[in-house]
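Contents: one structure, followed by commentary.
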Amino acid sequence: MPSQPTPLRLHDLAHPVIAGLISVLVNYGGTFILVFQAAKVAGLSPGLTASWVWSVSIGVGLTGLFLSWRYREPIITAWSTPAAAFLVTALATTPYAEAVGAYMISAAAFVALGMSGYFEKVIRLIPPGIASGLLAGILLPFGIGAFGGASADPLLVGLLIVAYVVLKRFAARYAVVGILVIGLAFLLVQDRVDLSGLTLEFASPVFTLPQFSLNALLSVALPLFVITLTGQYMPGMLVLRNDGFKTSANPIVAVTGLGSLLMAPFGSHAFNIAAITAAIATGKDAHEDPSKRWIAGIAAGCFYVLVGVFGVTLAAVFMAFPATFITTLAGLALLGTIGGSLAGAMADPGSREAALITFLASAANIQLLGIGGAFWGLLIGLVATLILNGSWPRPARAGPVGNEGAAQNAARRA
């Protein structure tokens, strides 16, 4: 049974706020360059590019704020990273106004999906062990990345790893906060963050009148919908389930879809529930008490809105940090989630082999037919489950899921 929430105190704010900040930092520092690449391919003016930054940041921030406040869970939203990667190619041959129309069609489809209620039913059909294996496989490259940067920047990476282990030993609650502060101090002392050329400027949204065409519908809207659904929404909901949060997927899909629809004429391609960066805010490192982790969603939303107000300027600040700092910080912040996911995947002997197959297939990041590795890892795991068990497992209940649910299911069968 989940513990009863305790009153929120001032000292409860530090860890979830830092978790929210790190998730935003990782998002901008790790993947936002794809937005700038897509804007360059499309030949967008600086004004339209700034409007894209404004619309996606404000939209992500406000939807995350609303959902986290409304459901008191760390519902972290983000732009669709695989969709941004897809647009780097798609915008080369699609007029921008038609692309905006395609964004709106895709967003309207998500609103309809959320209101229909079918997405939540699909999520509940996924066995907890398979969900945990999928999440562990998705996050594995980030865990490896925490150590992989040592070849290029051994001093920085070594300092962060040693600091994390020491803090985990003597002050576990402050491990992630500590490595963020230590890493920033180290970079500033070494003069490796150059912010001298930056000036704060307010972003101005630019409205683009959408145009609709069959070509954009088939070549942009449909792939955008499928990529965002399989690459973001499905793993994003499994992240929440894995850490025991049970808000229905339906309002999350509907609210983020509506937000995307409203922001599309200003350049936003799509935003949705986050997956990888959400795991930073949903696990124990955000707060030992799950009922306090929703503060991380509020904090992340506020940081996104702040970036959106100042447009490209603050996005450039996040991207000014060395890549090794971002990857190491993200990997270390996700170690607890990776470990918990692996434990959940292996908890039930009856589904262990299928969960292992899911984990390995997801970690392989298979790319076929323009669809990302999360979808194929999940599909392979579900097929393996059906073949190995000879029947489909019972749908997951609305109660504990992920690691906790897998352990409880194993206990019931025992």
Side-chain angles (χ1 to χ4, degrees), residues 18-19 21-37 78 81-82 84-85 88 133-172 174-195 231 235 274-280 283 285 315-342 356 359-367 372-374 377:
I18 291 296
L21 173 62
I22 292 175
S23 73
V24 173
L25 178 66
V26 170
N27 242 0
Y28 281 107
T31 64
F32 205 68
I33 188 65
L34 293 171
V35 170
F36 289 108
Q37 287 177 333
T81 297
V88 171
L134 176 69
L135 179 58
I138 292 171
L139 298 182
L140 180 63
F142 288 83
I144 295 173
F147 304 90
S151 300
D153 199 341
L155 196 57
L156 173 61
V157 174
L159 173 65
L160 292 176
I161 293 173
V162 171
Y164 178 83
V165 174
V166 171
L167 287 170
K168 270 292 185 180
R169 171 64 177 85
F170 296 103
Y174 302 96
V176 176
V177 178
I179 61 172
L180 173 62
V181 173
I182 291 170
L184 288 175
F186 178 79
L187 292 174
L188 292 173
V189 168
Q190 285 204 323
D191 198 24
R192 294 176 59 183
V193 182
D194 184 14
L195 304 177
I276 294 166
T277 53
I280 297 173
D285 284 330
V317 172
F318 286 109
M319 290 188 292
F321 296 110
T324 49
F325 175 64
I326 297 295
T327 55
T328 304
L329 183 67
L332 294 176
L334 289 168
L335 284 184
T337 301
I338 295 171
S341 300
L342 287 172
L356 178 61
F359 165 67
L360 295 174
S362 303
N365 195 26
I366 301 167
Q367 303 289 323

Let me confirm one number: the CD1-CG distance from Ile144 to Leu140, rounded to the nearest 0.5 Å.
4.0 Å
Inter- and intrachain pairs under salt bridge (Lys or Arg N to Asp or Glu O under 4.0 Å), touching [range], at least two apart:
range	value
residues 178-187	none
residues 326-339	none
residues 157-167	none

Could you check whether any side-chain heavy atom of [X] comes within less than 4.5 Å of a side-chain heavy atom of [Y], counting everything from C-beta outward?
X	Y	result
Phe147	Thr328	no
Val157	Ile161	yes
Leu342	Phe359	yes

Kindly write out the residues that satisfy side-chain contact (heavy atoms from CB on, under 4.5 Å) with [X], not counting sequence neighbours, or none if the list is empty.
X	value
Val162	Val166
Ala163	Ile179, Ile182
Leu156	Asp153, Leu160, Phe186, Leu187, Arg192, Thr324, Phe325
Leu188	none

Residue pair [X] / [Y]: nearest heavy atoms and the distance that separates them:
X	Y	value
Ser23	Ile280	CA-CD1, 4.1 Å
Gly137	Ser362	CA-CB, 3.9 Å
Gly377	Ala361	CA-CB, 3.9 Å
Ala84	Val35	CB-CG2, 4.4 Å

